[in-house]
2 protein chains.
Amino acid sequence: MAGKRGARSKRTQRTSGPLPPVRSEPPLSRQRIVATAIELLDAQGLDGLTMRRLADRLGSGVMSLYWHVDSKEDVFDLALDSVLEYRGSPHIAQLHDWRGEIIHVLEDWRASMLRHPWSASLLSRRALGPNTLGRLELLSKALSRAGVAAADMNVAIWSLWNYVMGATITRASFELSDEDRAAAQLRLARLSERYAAIERSRLLLDDDWDGTFRRGLGFLLDGLAPGQNSSAP
Amino acid sequence: MAGKRGARSKRTQRTSGPLPPVRSEPPLSRQRIVATAIELLDAQGLDGLTMRRLADRLGSGVMSLYWHVDSKEDVFDLALDSVLEYRGSPHIAQLHDWRGEIIHVLEDWRASMLRHPWSASLLSRRALGPNTLGRLELLSKALSRAGVAAADMNVAIWSLWNYVMGATITRASFELSDEDRAAAQLRLARLSERYAAIERSRLLLDDDWDGTFRRGLGFLLDGLAPGQNSSAP
DNA sequence: ACCTGAACACCGTTCAAGT
DNA sequence: ACCTGAACACCGTTCAAGT
C-alpha cells in the first residue's frame, strides 16, 4: 500500500536519494523496532521478546537492531514508555470535580497498562520514562487542586502510584492463565480449614477486578482528602 | 561439621546403608536447594539465579537438581514462599489495638520482603504459596476484628495487599543501584520545566521510604476503617 | 532412589567486516 | 551511516545411562 503511485505525480514524500525497491520492508528505525517489540510482547508476553525474534519480524539481521538500540533493556524501556503515553486531554478539570479528575487519571493509567499486560510488571522494574513522569505530573497537579497539602503531596503520589501499580499487576497475573488460577483455587479449597477467613470471604474467587479497584481507590482517596466525600454530587 | 563422629558411638542419625565419605557435601535435598537458591538470589538478584550456578554452589551436577525440583520456576516459587514465612506470634492482639495489629502484620510483611529485595517483584508474578496465604489469613482476621464489614473485606484485603506490594517493589527498585537513581535524577532535573509539579515537591529525591510507607498506610486505613482514628490513644 | 554427562535448541552481545 | 555473519559465553531442559 505505502508508496503506491497515485494521482500525485511528484514524489513529495520521499524527498531525496534513489528510491528503494518498492516492495521491500521499510528501513529499520527506532520507532519500527519499538512498535514491533510491543506486538511481540502483546502476543507472547515478557519472555516472548528476544532480539532474534524481533529481528525476524522486522526482516533484518539480529545485529542490525543494535545500531538503533543499545540493548534489550533499552527495548524494554522504550516499549514500556511508549505504551504509557497519555492520549487524553491534559485539561480535564470537569467543573471542579477534583475527585473525579484524580480517578480519571488513575483509571486511564490502569487501562493503558491492562491493554498490555506485560507493562505493569515492567513498570516496577524499569526506570521512569518521560511518559511515566508526565502521568505523575498530571496526578500531582490534580492532587494539588483537590486540596492535598504540600507536606502530604509525595506521600499521596506514592500511595496512589503503589496502589495502581499493585492492583494492575495483581489483576494481570490472575488473568494470565485460567489454568494457574484453577490450580490456585483447587489448592486453596484443599487447605480451606487452615485459611478459614479468606475462604469465608471467597477472596480468590472474587473476580470483580474493576469494582474492587474502584472501591479500594475510593477508600484511599477518602483517607487522603477527607474533605471531598465520595458521595458528594 | 555435619556427621562428625563424637561421643555417641552408635550411629543414631544415619540409620541405614554405608556411611558416605565423611567430609563430603551433605546430600542434595529440596531444603538445601531452596536455601542455596535464596543465598544466590540475595547475592546476585533475580537474573543471578541459574540452575548451573545453583548446582555449582551445591557441588552437584546440574541435572541432579531436577530429581528434587520440577523446574527453575519451581525453585522460584519455593524460594519466595520460604522467605515469606511468618515468624511472629499468630496472636498479637495488643489490648484491642486493632489498627496497631494491622500495621504490625503489614510492616512485618514488608520487612520480610525488603530483606530479600528480589522477593517483592517475584510475588507479583508467581502463584500464592502457603505462607503468602497464611499472611493474607492473618490480615483478614485483623481486619475483621477492626470492624471492617464482610461486604468490604475483599476490597480491604486487596487494597492493602496492592499497597504493600507496590510500595515494596518501588522501594526495592529505587534502592537497587545508586547509579540508576542518579541517572534518573539527572534526567528529571534536566526536564524540570516540563514536570514542574513533581520537581517542586522533590518527588524523586525523597528517600524517606519508611515514613512514606507508614503515612500512606495510615491514610488508607483511615479510609478503610473510619471509626478507628489514627490519633486515638 | 538418586545422580550424571552429552546433547539440543536456544539466548544477548562483541567483533571485525562489509556497503 | 547503516547493516551483516561468525563466534563467544552462556541458558533450561530432554534423554539415555549409570549406581
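Note on naming: letters A, B, ... go to the chains in the order of the sequence lines (proteins, then strands), and numbering restarts at 1 for each one. Keep in mind that what you see is a predicted model, and the values were worked out from it rather than measured.
Panel note: side chain B/E137, backbone A/I198; a donor-acceptor pair is recorded below 3.5 Å. A donor-acceptor pair under 3.5 Å is formed between the side chain of B/Y195 and the backbone N or O of A/P130.
Note that CZ of B/R125 is 11.5 Å distant from CG of B/D77, once rounded to the nearest 0.5 Å.
Taken together, the paired segments of DNA chain D that extend over three or more consecutive Watson-Crick or G-U pairs, each closer than 3.5 Å at both contacts, are C:4-8 with D:12-16, C:12-16 with D:4-8.
Around atom CD of A/Q44, more than 12 heavy atoms belonging to other residues, nucleotides or ligands sit under 6.0 Å away.
Remark: B/D210 engages B/R110, B/R171 in a salt bridge (charged side-chain N to carboxylate O under 4.0 Å, His left out) (not counting sequence neighbours). Looking at residues two or more places apart in sequence or on another chain, you find a side chain to side chain contact (heavy atoms under 4.5 Å, CB included) between B/S124 and A/I169, B/M165, B/I169. In this view, B/V34 and B/I38, B/L78, B/S82 satisfy the side chain to side chain contact (heavy atoms under 4.5 Å, CB included) rule, not counting sequence neighbours.
Within residues 45-52 of chain A, the residues that place at least one heavy atom under 4.0 Å from DNA chain D are, in residue-number order, A/R52.
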(message) Using the rule given for side-chain hydrogen bond (donor to acceptor under 3.5 Å, both in side chains), can you reason through A/S112 versus A/R135, listing the C-alpha separation, both sets of side-chain angles and the distance that settles it, and then say yes or no?
(response) CA-CA 12 Å; A/S112 295; A/R135 283 182 186 267; 3.1 Å; yes
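In summary, contact between chain B and DNA chain C, defined as any nucleotide atom under 4.0 Å from a heavy atom of the protein, begins and ends at C/dA1 to C/dA7 in the 5' to 3' direction.
Look at A/R214 and A/E107 and you find a salt bridge, because one of the NZ, NE, NH1 or NH2 atoms lies within 4.0 Å of a carboxylate O, short of that distance.
In this structure, B/W158 and A/W209 have tilted ring planes: the angle between them lies in the 30° to 60° band.
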